[in-house]
Amino acid sequence: MTASPLRPDHALIASMVTAGARVLDVGCGDGALLAHLAREKGADARGIELSREGVAACVAKGLAVIQGDADTDLVDYPDDCFDFVILSQTLQATRQPRVVLEQMLRIGRNAIVAFPNFGHWRIRAAITLQGRMPVTENLPETWYNTPNIHFCTIRDFVALAEEIHAKIVRAEALDASGRPMGVKMPWWFWNLMGEQGVFWLARSS
Amino acid sequence: MTRATEAENPHSLVLRLPAESPLTLESGASLAPLQIAYQTYGTLNAEKSNAVLICHALTGDQHVASDNPVTGKPGWWISMVGPGKPVDTNRFFVICSNVIGGCMGSTGPASRKADDTIWGTEFPVITLADMVRAQARLIDHLGIETLLAVVGGSMGGMQVLSWASLFPSRVFSAMPIATAAKHSAQNIAFHEVGRQAVMADPEWQRGRYHAAGTKPVKGLSVARMAAHITYLSEGALQRKFGRNLQNRDAPTFSFDADFQVESYLRHQGFTFVERFDANSYLYLTRAMDYFDLAADHGGSLARAFWGTKTRFCVVSFTSDWLFPTADSRSIVKALNACGAPVSFVEIESDKGHDAFLLEEPNLFATTRGFLDAAASARGVT
């Protein structure tokens, strides 16, 4: 299998996953990240994907992927069966984000969540200056047909992590190109400048 | 060519096992002599690592990819199995055997006992596990330790699950399609209607119709008509027939087959009795009714697969109400609970349970992808 270049946000997520880990990627799409983790990290890579096309692409890659969704299917997994549960660009589309996060940390010891930051200045500007729901390059849908029903900001996510007693092992904000903004900045800065947040959560012991 | 000769001397390969090595059945009875009729396609490689076992459904047979000797029609899964097909016989050595209890050459109620009389209803009641243990004898005979894949739909899917549960180390990958780990109450109910139709036919002669020189064609054909409805969907029936009349402009105010759907079902019934043994129908439906893999493992389906290394791909169809998606999801849930590598696809189709036998490009793509990945994981070129 030839390795296509990994999306920058996927590369960041992959850097957090330890070698040989049991991984579940929730909303794994065509399995690009999973295939990378299986190949480069020797991960036992599993996935859940809503679209039949995505599942078929994954099956053809030899990945074990189930057609399903984050809201309904995580409950079927036993406790502690994964080292990492990944949710990339999907949290905002779930019906019950809090329950999904709790389930992720029940079935996995660690959770990695990447989500669009609704606190980004461009989004704030769209609402405050134009008085319109934002339509951006990363969030191209209009309010009435978007699958994204539960937007949050980086600070909202930090608050939710605290509420469910999850430990933040590592947090990164990504710029418009999907690359980490690097140096540690205060939350307010990331919340204003980051297009995406990527959080590595663990159960607080 | 008649069914009776096909049961004894099938137009396919036959494994005849000596009377000294009977098959011990789940019921405790032992079955001998044992004969297994089978077909193979493609070539077994030197490593014997490219063998794919196809398991047939209730009324299927070993002629999966070649013309059926009784009906003269093409094999029942010709769109799936063959050169360049998803189950590619250019790459894989494909085996398909008639289940025991069947009537196409493997030992069943239409076969002869040791005393040369027909078994009839003296044939012991068999289970899915018995069918699979008999197939395992065939796989032993072919010198194959581990099958690259076991694939099947409906009752074939039940055999796939039984294989994976009984012989986990012999199944590298498993593809149960449109099936369930237990037969539902509704499905048992439909089967009972079919059996009662057969047994209500005076020509059934309490199962001794071979000796009596009769044939319960009316009963068996009604059983088939009822069952055939369950293989379709309301949408498919509507699309195919609607309320269209059969070769007439107005209803005849009689009990003729006025509607196309009636005529179609009658045709299905008539043609079925030409190729199938009524007692076989009783035994095979019974075997499906008894199937409950969780019950065999203290009520836990996960325990049926505990520690398995087999790769699974479970497939269901949206309009299949006989083996609905929920049945497949229970299998997936159990496999997840034991950490098995499992994929699951629900394919959009309005063709009902029969979808697995029909032109379904998404099923073909999934099967091809899954088998290719299994082959490359096992180093089969």
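Atom CD of B:Glu234 has 12 or fewer neighbouring heavy atoms from other residues, nucleotides or ligands inside a 6.0 Å radius. At most 12 non-hydrogen atoms from other residues, nucleotides or ligands lie less than 6.0 angstrom from CD of B:Glu348. Heavy atoms of other residues, nucleotides or ligands lying less than 6.0 angstrom from NZ of B:Lys182 number 12 at most.
Heavy atoms of A:Leu63 lying under 4.5 Å from chain B belong exclusively to its backbone. For A:Val55, the part sitting under 4.5 Å from any heavy atom of chain B is the side chain, from C-beta outward, and nothing else. Only the side chain of B:Val332 comes within less than 4.5 Å of a heavy atom of chain A; its backbone N, CA, C and O stay farther away. Heavy atoms closer than 4.5 Å to chain A are found nowhere in B:Arg368, neither backbone nor side chain. When heavy atoms are compared at a cutoff of 4.5 Å, B:Ala302 does not approach chain A at all.
For the residue pair A:Ala64 and B:Ser343, the shortest heavy atom distance occurs at CA-OG, 3.2 Å. When every heavy atom of B:Glu346 is checked against every heavy atom of A:Arg52, the shortest pair comes out as O-CG, 3.9 Å.
A side-chain donor-acceptor contact under 3.5 Å links A:Arg46 to the backbone of B:Ala340.
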Do A:Ile66 and B:Val342 pass the side chain to side chain contact (heavy atoms under 4.5 Å, CB included) test, and can you show the C-alpha distance, the side-chain angles, and the key distance before you say yes or no? CA-CA 7 Å; A:Ile66 285 166; B:Val342 53; 4.2 Å; yes
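Counting heavy-atom pairs under 4.5 Å between each of B:Val314, B:Thr366, B:Val345 and chain A puts B:Val345 at the top.
Heavy-atom neighbours of chain B within the stretch residues 103-112 of chain A, taken at a separation under 4.5 angstrom, are nonexistent. Below 4.5 Å, heavy atoms of chain A meet heavy atoms from B:Phe370, B:Ala373, all part of residues 370-381 of chain B.
Using a cut-off of 4.0 Å between Lys/Arg side-chain N and Asp/Glu carboxylate O, B:Lys333 and A:Asp73 are scored as not salt-bridged.
For residues 153-173 of chain A, every residue pair satisfying the ring pair (Phe, Tyr, Trp, His ring centres under 6.0 Å) rule, not counting sequence neighbours, is listed here: A:Phe115-A:Phe157, A:Phe157-A:Phe199.
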Just list the side-chain donor-acceptor pairs under 3.5 Å for residues 74-83 of chain B, sequence neighbours left out, or say none.
| unit_1 | atom_1 | unit_2 | atom_2 | d |
| --- | --- | --- | --- | --- |
| B:Trp76 | NE1 | B:Asp61 | O | 2.8 |
| B:Trp77 | NE1 | B:Phe356 | O | 3.0 |

